[in-house]
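Take a look at the structure below.
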Amino acid sequence: MNTERISGKTIKEWQKTLPLIRKIMAGQEVFWRNPEYRPVDTAFKSIALSYKDVADAQARLKRFAPFIAEIFPQTREGNGIIESLLREIHNMKKLLNLQVKVPVRGTLLLKCDNLLAVSGSIKARGGIYEVLKTAETLAVDKGLLGFGDDYAILATDKFKRFFSNYAIAVGSTGNLGLSIGIVGAALGFKVYVHMSADAALWKKQRLRQCGVTVVEYETDYSQAVAAGRQQARSDPNMHFIDDENSLDLLLGYAVAADRLKEQFDALGRVVDEKHPLFVYLPCGVGGGPGGITLGLKFVFGDHVHCFFAEPTASPCMLIGLMTGLHDKVSVQDFGLSNITDADGLAVGRPSGLVGKTLGSLISGSYSVADKTLYRLLHTMADQESIFLEPSAVAGLTGPTGLLNTPEGRGYLHRQGVIENMSDATHLVWATGGGMVPEPVMQAYYAKGAASSAYA
Ligand SMILES: *Cc1c(COP(=O)(O)O)cnc(C)c1O
């Protein structure tokens, strides 16, 4: 245990001002309401990004659609737009409700980012977007490409040769490296992925097959990022994709919101004062859930309520927001290990960008034990035939937690939506799993079976 002071206060003092800290330090699952949450009118006053920035990202992805369709045939059905389906998970809702006093009413939907084309995780949004933007900027600057061109030309050898003069680097727990590596290599870039110790072996192998240079570290994610940043600093032709600080990553994720609105419209699903939308987002460093929250707030305003989900061993965003210390604090400072099988979420220190600039848009945050993650993974497979990786099921305990904890219920009262819960939509973001090799998935499933399934 850390006996030093954290921002001038001892652990005991922190525990006194923030009672949840004791439970967090004991590795217990907690649900936290963010007292700094604000209505959009107030919150957006201090956010420098506007909806126009998201629209700009959306337009860029449209320009690239012919290129994406050209090099990734599995995206042709969607005309080169990488987007995931919504699925109602009724069986899962029934089972989750068996465990609690206050049942979840309304509709429980799953956002199937595990099936996103190209990389099978939420990183196909932000990660791929930033690579494409980097490529576009280089090609336009050198006069090789105009915004009105058919971007399918980027798949030609001429462009591959051009991009081979440039490099892209990233630090990753796995999935971000995978997304960036696959697209970066397809464009012709030299790609360096700095992988933390928790990254799965199959992700490293897959990247090496694509011709990506994988640099391995014995340490955790924050160190892998620092090493990547350092490498890029010394090379003017290397672009570093900064998972902790990148606005482009955020905007790539934010595009999900408009597309979700279109999907809701097509289904006749309404989101308004009487029909609140609750979204549960697994959180690692915070870029994915932060960017999606930003987009959702532009589109649905105060009628959407976004909650972040983290492992009990790595609740970095929760601790960062709760203490107000953001990237100045790590889970290790509070005696936690940051060791979890939820490798996409194994992050000890949160993004300062997300916590500081978007914190007032986040309704709350909660934690989930690895054992629960395995149990959920197993149940999702049995009940819904949906196979997710451990990180990707963390959203599933959000709806019951919201309705069955004092903090969650306190939130619903304060927001004046407790009476509207029968007409609510609960959207659980399934963030990955689509590329997990069969034997690895079988091992996850077996582990879930061993940790006493729900039914
Ligand atoms: C990366 C990742 C997340 C979280 O995204 P961050 O941007 O790190 O917060 C969630 N789930 C999976 C499967 C991921 O790979």
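All ligand and atom numbering here is 1-based and tracks the order in the structure. Quick note: numbers below take in every heavy atom, side chains included, and nothing from hydrogens, waters or symmetry partners.
The distance from ligand 1 to the heavy atoms of Cys283 drops below 4.0 Å at these ligand atoms: 9 (O). Interface atoms of ligand 1 facing Asn175, defined by a heavy-atom separation under 4.0 Å, are 13 (C), 14 (C), 15 (O). Close contacts of ligand 1 with Pro282, meaning ligand atoms under 4.0 Å from a residue heavy atom, involve 4 (C), 10 (C). Near Thr431, meaning under 4.0 Å from any of its heavy atoms, are these atoms of ligand 1: 10 (C), 11 (N), 12 (C), 13 (C). Near Pro289, meaning under 4.0 Å from any of its heavy atoms, are these atoms of ligand 1: 5 (O), 6 (P), 7 (O), 9 (O).
In terms of protein heavy atoms, atom 4 (C) of ligand 1 is closest to Gly284 N, 3.5 Å. Distance from atom 7 (O) of ligand 1 to its nearest protein heavy atom, with residue and atom name: Gly288 N, 2.7 Å. Nearest protein heavy-atom contact of atom 8 (O) of ligand 1 is Val285 N, 3.0 Å. Given atom 10 (C) of ligand 1, the protein heavy atom at minimum distance is Leu345 CD2, 3.4 Å. Nearest protein neighbour of atom 14 (C) of ligand 1, counting heavy atoms only, is Lys123 NZ, 2.8 Å.
Under a 4.0 Å N-O distance rule, the pair Asp265/Lys261 qualifies as a salt bridge.
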Show me, pair by pair, the donor-acceptor contacts under 3.5 angstrom made by side chains of residues 294-307, not counting sequence neighbours?
residue, atom, partner, partner atom, Å
Lys297, NZ, Tyr37, OH, 2.7
Lys297, NZ, Gly301, O, 3.3
Lys297, NZ, Val304, O, 2.7
Asp302, OD1, Val40, N, 2.8
His305, ND1, Tyr411, OH, 2.6

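Of the possible donor and acceptor atoms, none in the side chain of Arg33 sits under 3.5 Å from a partner among the backbone N and O of Gly364. Distance alone, capped at 3.5 Å, places no donor-acceptor pair between the Thr425 side chain and the Leu277 backbone. Not one N or O on the side chain of Glu83 forms a donor-acceptor pair closer than 3.5 Å with the backbone of Gly78. Proximity of a side-chain donor or acceptor of Glu130 to a complementary backbone N or O of Asp242 within less than 3.5 Å is not detected. At distances below 3.5 Å, at least one donor-acceptor pair connects side-chain atoms of Asn34 with backbone N or O atoms of Gly359.
Contact annotation: for Ala392 versus ligand 1, there are no heavy atoms closer than 4.0 Å.
Between Gly286 and ligand 1, at least one N/O pair is under 3.5 Å apart. At least one N or O atom of Gly287, backbone or side chain, sits closer than 3.5 Å to an N or O atom of ligand 1.
Heavy-atom separations between Leu176 and ligand 1 are all 4.0 Å or longer.
Aromatic rings from His239 and Tyr166 are positioned such that their centres are separated by 6.0 Å or more.
For Asp341, the side chain to side chain donor-acceptor pair (under 3.5 Å) partners at least two apart in sequence or on another chain are Tyr374, Lys447.
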